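Step one of this worksheet: look at the structure below.
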2 protein chains.
Amino acid sequence: MTGGAAERMTRRPGRMRPSSGATITDVAQAAGVSRATVSRVMNGRPTVDAAIAERVRRVVDELGYKPSRVAQSLSLGRTSTVGVIVPDLGNPSFQQILHGVNRSAAAAGYRVLVADSAETPDDEPALIEDVRRRTDAVIVCSPRMNADTLAALLPRVQPIALVNRDEPVDAPRVVVDSGAGVAEMCRHLIGLGHRRIVHLDGPVGSNAQAARLRGLTAIGEEHPEVELVRLPCGSTIDEGHAVFDQARATGSTAIIGFNDLVALGVLEAARDRGVRVPRDLSVVGFDDIPFARLSSPALTTMSVDLEEVGETAWRALEARMKGEEEDGPRVFAPVLVPRASVDPVA
Amino acid sequence: MTGGAAERMTRRPGRMRPSSGATITDVAQAAGVSRATVSRVMNGRPTVDAAIAERVRRVVDELGYKPSRVAQSLSLGRTSTVGVIVPDLGNPSFQQILHGVNRSAAAAGYRVLVADSAETPDDEPALIEDVRRRTDAVIVCSPRMNADTLAALLPRVQPIALVNRDEPVDAPRVVVDSGAGVAEMCRHLIGLGHRRIVHLDGPVGSNAQAARLRGLTAIGEEHPEVELVRLPCGSTIDEGHAVFDQARATGSTAIIGFNDLVALGVLEAARDRGVRVPRDLSVVGFDDIPFARLSSPALTTMSVDLEEVGETAWRALEARMKGEEEDGPRVFAPVLVPRASVDPVA
DNA sequence: CTGAAAGCGCTTACAG
DNA sequence: CTGAAAGCGCTTACAG
């Protein structure tokens, strides 16, 4: 008991607590008990005398006392907060994953701290470390940094879970099998008679992009009669829009966007140019974001439930925090959703 | 200096720090200096002897020491974290606002903690208080709780900024002028000859919905010759889809969705029913989410830059934290974006 | 059932 | 320039 409220007030400037700002010491003094007892009452320990507990609760109400989570975190050694780091908060795919993580983390009593690396791989390690220092664990979505950097980072930020990064590292992973997905999409298009298909590549170094390459290579071997073209593009509507003329110039009858955003950009560009989809050109995406079914024409795409991916990432992380053993990456196989943006080739 | 690392390890179970887990005490011991000196070096205070500082830095690197943000927060009395509370993380409008807040908060050295009230007004106050206790301040988007509850909550969670809630309370506010927006949209439709228009209402109790009512009332007085119908709906694609038949049954020539999601749901339902938009029916939305321009037909809507709303909310909150005075709510006037989903009435 | 004390990992006025 | 000490606001083994 080293100082009353007034004395404390003047000690440090710039306190950022609510104006009520009562501390456990204030409550203890007002109720005439020790801080330990207040703590016990606040935490519902049954060993407190009923009358005393009641008195403490009354004082708590009067003073509007709320325990400081920061102090609790320091004392307990955990924050009940988890970090989610994504390359771009403006990307609906990451928004869905975030939503899924938040839902399940909240159900488990955790809050979510978000961070956005703005698609800057060099900033990722420092960002992840910073977020990790404020939280009990982190979920990192689609990190763009290279394998060595990631490997060096991991031990510094455990526990960590990885989404869409499937190198065999010491961390639980949930991955969308993009390679199998793009292969299935190709088979669908080939089955409809397409013989020249252009794939709009995603961000360089992204895990999904590497997986696509593997899928495309497999299809190339499976179907030597089919010409698979690749074009550098990206992951946004605008990038899809910008690459349209180039894609068109390949003479392909079908365009596979790296994701739905890219495909939607392509659709928009096609409309601008008077190219009729799917009559003149088939266009497909990847992810099945909520708007894929609303585009004109409705977009054929590979569907993966990204909210569930987020929930799964949380569960994997939670298991890790409890010290449970891994049993390999959790793989989501995308499923084909045929809609109206694809026509057979005569 | 009360214990070495080994001793500490056994004191409490369940530490959630990275395995490196060095503390300032470990560094101080290894470098043969006091913790104060380590702290000074870490914080770049220029008063430390160069040789000593260098020695400390070397030890820091060797041990992989990173200061605990939790301990810093407790000591400094601030977390450099701001909370953002939204009714639904799955709603693109809130995602955009979140994105804007995150961008500007990050630039100012703050991290963002998100929370989702799952459109449950009763849970909002407790949620906001909880988030506030982990952060230095909060931004609350479109709170659904009633005015009295909000008024009672505010003093407990200062500093707080409000988005889309324009009661004159003691908190900086940034609001979208939905009333003026819907009025402008109505005038646009009326100018094109529409005489019976149905408005699909948003969530009961939402600020935007109340503002819409005021706008619709004003239009009703301005244009007694026009029939304005209202239908309870909501704020999601599915709710827009579900209310379509009812809206159609009103015999209106134009439907105003509470937001773009609702309007997109309406568009989808129209397609399902074989109703041609805009030929048979005009449909408009509100917000101009990124997908509004990509729908079929492209959606006429009222545009508001929600990322900028988020950025503005952050700046308003930042000003408040610095103790600056308010000069009234910051109002965003939505602007009409005519696209392809509206036709004149013959 | 209750309290004094130590501890969580930092920061910073204060004294040298 | 540097360190001992006090403090941030909690929790909990320990002793009574």
Side-chain angles (χ1 to χ4, degrees), chain A residues 1-5 7-18 21-29 31-53 55-56 63 65-80 133-134, chain B residues 1-5 7-18 21-29 31-53 55-56 63 65-80 133-134:
Chain A
M1 230 110 337
T2 11
E7 194 174 329
R8 259 184 303 101
M9 292 294 286
T10 58
R11 282 202 60 268
R12 285 169 199 268
R15 273 285 117 68
M16 289 278 55
R17 305 207 76 219
T23 71
I24 198 172
T25 303
D26 300 328
V27 174
Q29 285 182 327
V33 298
S34 73
R35 294 181 299 171
T37 295
V38 176
S39 176
R40 289 186 189 107
V41 172
M42 292 306 292
N43 293 299
R45 306 245 184 275
T47 69
V48 181
D49 178 88
I52 293 182
R55 177 148 46 98
V56 169
L63 270 48
Y65 169 66
K66 295 274 174 182
S68 154
R69 299 278 338 199
V70 172
Q72 287 180 322
S73 293
L74 183 59
S75 187
L76 294 172
R78 67 189 155 73
T79 60
S80 297
R133 287 197 295 138
R134 304 167 184 253
Chain B
M1 229 111 335
T2 11
E7 194 175 329
R8 259 184 304 102
M9 291 295 286
T10 57
R11 281 202 61 268
R12 287 169 199 266
R15 272 285 118 68
M16 291 277 54
R17 305 205 77 218
T23 72
I24 197 172
T25 303
D26 300 328
V27 175
Q29 284 180 328
V33 297
S34 73
R35 295 181 299 172
T37 295
V38 176
S39 176
R40 289 186 190 106
V41 172
M42 292 305 292
N43 293 299
R45 306 244 185 275
T47 69
V48 181
D49 178 89
I52 293 183
R55 177 148 46 97
V56 169
L63 270 49
Y65 169 67
K66 294 275 174 182
S68 154
R69 300 275 342 196
V70 173
Q72 287 180 321
S73 294
L74 183 60
S75 187
L76 294 172
R78 68 189 154 73
T79 60
S80 297
R133 286 197 295 139
R134 303 168 185 252

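No experiment lies behind these values; they were computed from the predicted model shown. Sequence lines set the chain letters: A, B, ... in the order given, protein chains first and strands last, and positions in each chain run from 1.
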Exercise for the section: Ignoring backbone atoms, establish whether A:S75 has a side-chain N or O less than 4.0 Å from OP1 or OP2 of D:dT11. Expected result: no

Handout entry: A:T37 versus A:R35, side-chain donor and acceptor atoms under 3.5 Å
Key = no

Exercise for the section: Establish, with yes or no, whether the OP1 or OP2 oxygen of C:dG9 is under 4.0 angstrom from a side-chain nitrogen or oxygen of B:S68. Expected result: no

Fill in the blank from the handout: To the nearest angstrom, the CE-C1' distance between B:M42 and C:dT12 comes to 16 Å

Handout entry: For atom CZ of B:R40 and atom P of C:dG9, their distance in whole Å
Key = 21 Å

Problem - Selected nucleotide, minimal atom distance to A:T47 side chain, candidates C:dT2, D:dT11, D:dG3 - result: C:dT2

Exercise for the section: Round to a whole Å and report the spacing from CD1 of B:I52 to P of D:dG3. Expected result: 6 Å

Exercise for the section: Report the distance from atom CD of B:Q72 to atom C1' of C:dC10, rounded to the nearest whole Å. Expected result: 7 Å

Problem - Between D:dA6 (P) and B:R35 (CZ): distance, integer Å - result: 12 Å

Handout entry: B:S34 side-chain N/O to D:dG3 phosphate OP1/OP2 under 4.0 Å
Key = yes

Problem - Nucleotide C:dG7, atom C1' - distance to CD1 of B:I24 in whole Å - result: 16 Å

Practice task
Working to the nearest 0.5 Å, report the span between CD of A:Q72 and CD1 of A:I24.
Solution key: 8.5 Å

Handout entry: Integer-rounded Å distance: D:dC10 C1' and A:L76 CG
Key = 8 Å

Exercise for the section: Establish, with yes or no, whether the OP1 or OP2 oxygen of C:dT12 is under 4.0 angstrom from a side-chain nitrogen or oxygen of B:R45. Expected result: yes

Completion exercise
Exactly one of B:T47, B:I52, B:V33 clears side chain to side chain contact (heavy atoms under 4.5 Å, CB included) with B:R40, and that residue is B:T47

Problem - Interatomic distance at C1', D:dG16 relative to D:dT12, whole Å - result: 16 Å

Problem - side-chain contact (heavy atoms from CB on, under 4.5 Å) between A:S80 and A:R69, intermediate numbers included - result: CA-CA 9 Å; A:S80 297; A:R69 299 278 338 199; 3.9 Å; yes

Handout entry: Between C1' of D:dC10 and CG of A:N43, the distance in whole Å
Key = 9 Å

Handout entry: Presence of donor-acceptor pair under 3.5 Å, side chain of B:T25 and base of C:dG9
Key = no

Handout entry: Pair partner, C:dA4 [Watson-Crick or wobble, under 3.5 Å]
Key = none

